[in-house]
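Down below is the structure, laid out as structure tokens.
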2 protein chains.
Amino acid sequence: MTSADSTVAGRPLRADARRNRARVLEVAQQVFAEEGLAVPIDEIARRAGVGVGTVYRHFPTKDALFVAIIQERLRSVGEVARKLAEGPAAGRAFFGFFERMVRDASLNKALFDALAAGGGLNQELTAEARQVMMTGLGDLLAKAQEAGEVRPDLTAADVKTLIVGCLSMARQGTADPGLMVGVVCAGMRPVSPVRTPEA
Amino acid sequence: MTSADSTVAGRPLRADARRNRARVLEVAQQVFAEEGLAVPIDEIARRAGVGVGTVYRHFPTKDALFVAIIQERLRSVGEVARKLAEGPAAGRAFFGFFERMVRDASLNKALFDALAAGGGLNQELTAEARQVMMTGLGDLLAKAQEAGEVRPDLTAADVKTLIVGCLSMARQGTADPGLMVGVVCAGMRPVSPVRTPEA
DNA sequence: GACCAATCGGACACCGGCTCCCGGTTCGGA
DNA sequence: TCCGAACCGGGAGCCGGTGTCCGATTGGTC
């Protein structure tokens, strides 16, 4: 999204083009959230009331469209974490964030796909947004660890991985997501009980 | 796999047919383990040195072939769990089984896909094998709970879900799988520490 | 109002995967 | 050895999805 209202050449988009572009973004946002990356482009075009060509003119590939949408979301998530890290009750805030994250991404398949995308998805494109998210998460985690509420050997990447794991569990539909998150959250606390399982 | 050596009509398979069938099963076993359900049938046929038609003659659909292979595996897993449940040190055995399960399925994409297959995959076909697995897991879990080593509010389905979660985490490749399993295992222990995160 | 270029839309080429089918081959009983 | 039936191989058809192309349309400027 180098520029929302002008082409690469700098010439402003025609009114209809601008309208269509906005409409595609708006619809894609919703459809991706509902269906995830798996939704065909045709579906988005149809729902937006435009032709497939129009979608591809504004976004060269399906991934580009997806990235344009998800970046915003990742950044906002990171921002939330960062703000929580600045507040009090780091432990509470951390676990609350974790649960909220799982809940949100359960309801938003786009967010799920973005988080779960391991090797796939143009990582250069999301790199910056990803960075914001991980930094925010890292800040919050560090605070919670300082407060002795979370195992000190966990990294932000670990926590992200645990979130993805919880999401996969939720997606299974074979167990209460709340319970699963509870188990994982309990496991993230410092090793207080008697023993840990040995390899 | 109603009958490995005869057609539905009961007539014994010709020698070459039997040979090919066995070869396909053998190769498919390996290829599915390496690549998971995503591998194209052509690949299996090629590696088995037969035509695609031959594969489809013996197994009406790709799923059928997959199921024929995975059933055995699921049953064997259940059997292992059942035997562990009969032995001593239920807690140790349970967590050991959990870790082993995650490790095995990390190395065997077929097993992963079978476990993770939520809505998909002919569930009628795998129902019996699935049953064996869940029963074995249930036995082992119950013993570990009796021994006070596992939270009493977890069900076998919950544990299976947690396993799938760990597998998703491992697949991410962004964190040490051993650590992730450690976190989840710790979380499955009875709630001994101070508090659990509230919703 | 008229003109030109930007934009639209959707038909279409292309691709990869599953499945069916048929001409040719091989088995195995007599 | 010979023959019919069973079996083989892989090409063809189909399907769903992505991305491209070009005639038709529309915006905005003179």
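Because the structure is predicted, anything quoted here is derived from the model rather than measured. The chains referred to below are lettered A, B, ... by the order of the sequence lines, with proteins before strands, and numbering in each begins at 1.
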Next item on the list: Please round to the nearest 0.5 Å and tell me the distance separating atom OG of B/S76 and atom CE of B/M133.
Entry: 11.0 Å
Check: Sequence neighbours excluded, which residues qualify as side-chain hydrogen bond (donor to acceptor under 3.5 Å, both in side chains) partners of A/D153?
Finding: A/R151
Check: Nearest-Å distance, NE2 (A/H58) to C1' (D/dG19)?
Finding: 16 Å
Note to self: If I take atom CZ in residue B/F59 and atom P in nucleotide D/dC7, what distance separates them, rounded to the nearest angstrom?
What the structure shows: 14 Å
Item checked: Separation of atom CZ in A/R23 from atom P in C/dC8, rounded to whole Å -> 13 Å
Notebook entry, point to check: Could you state the interatomic distance from CG (A/L162) to SG (A/C185), rounded to the nearest 0.5 Å?
Noted result: 9.0 Å
Checklist line | side-chain hydrogen bond (donor to acceptor under 3.5 Å, both in side chains) partners for B/S106, two or more places apart | finding: none
Give the table of side-chain donor-acceptor pairs shorter than 3.5 Å for residues 28-38 of chain A, with sequence neighbours excluded, one pair per line with atom names and distance.
residue : atom : partner : partner atom : Å
A/Q30   : NE2  : A/E34   : OE2          : 3.1
A/E34   : OE1  : A/R47   : NH1          : 3.3
A/E34   : OE1  : A/R47   : NH2          : 3.2

Enumerate the protein-to-nucleotides 27-30 of chain C contacts in which both atoms are nitrogen or oxygen and the separation is below 3.5 Å.
residue : atom : partner : partner atom : Å
C/dC27  : O4'  : B/R14   : NE           : 3.4
C/dC27  : O4'  : B/R14   : NH2          : 3.4
C/dG28  : OP1  : B/A15   : N            : 2.7

Next item on the list: Figure out the CZ/P separation between A/R46 and C/dG10, and round it to whole Å.
Entry: 12 Å
Checklist line | Any residue meeting side-chain hydrogen bond (donor to acceptor under 3.5 Å, both in side chains) with B/D158, in chain and number order, not counting sequence neighbours | finding: B/T155
Note to self: For the CG atom of B/L84 and the CD atom of B/E79, what is their distance to the nearest 0.5 Å?
What the structure shows: 10.5 Å
Checklist line | Between CZ on residue B/F95 and CE on residue B/M188, distance to nearest 0.5 Å | finding: 5.0 Å
Item checked: Whole-Å distance separating the CZ atom of A/R57 from the P atom of C/dG10 -> 12 Å
Next item on the list: Look at the side-chain N and O atoms of B/N20 and state whether any lies under 4.0 Å from the OP1 or OP2 oxygen of D/dC7.
Entry: no
Next item on the list: Calculate the interatomic distance between A/R21 atom CZ and C/dC8 atom C1'; express it in whole Å.
Entry: 16 Å
Please write out the pairs of protein N or O atoms and N or O atoms of nucleotides 16-18 of chain D separated by less than 3.5 Å, giving the distance to one decimal.
residue : atom : partner : partner atom : Å
D/dT18  : OP1  : A/K62   : NZ           : 2.6
D/dT18  : OP2  : A/I41   : N            : 3.2

Check: Looking at D/dG10, C/dT7, D/dG19, which one has an atom nearest to any side-chain atom of A/V52?
Finding: D/dG19
Notebook entry, point to check: CZ/A/F59 to CD1/A/I44 distance, rounded to the nearest 0.5 angstrom?
Noted result: 10.0 Å
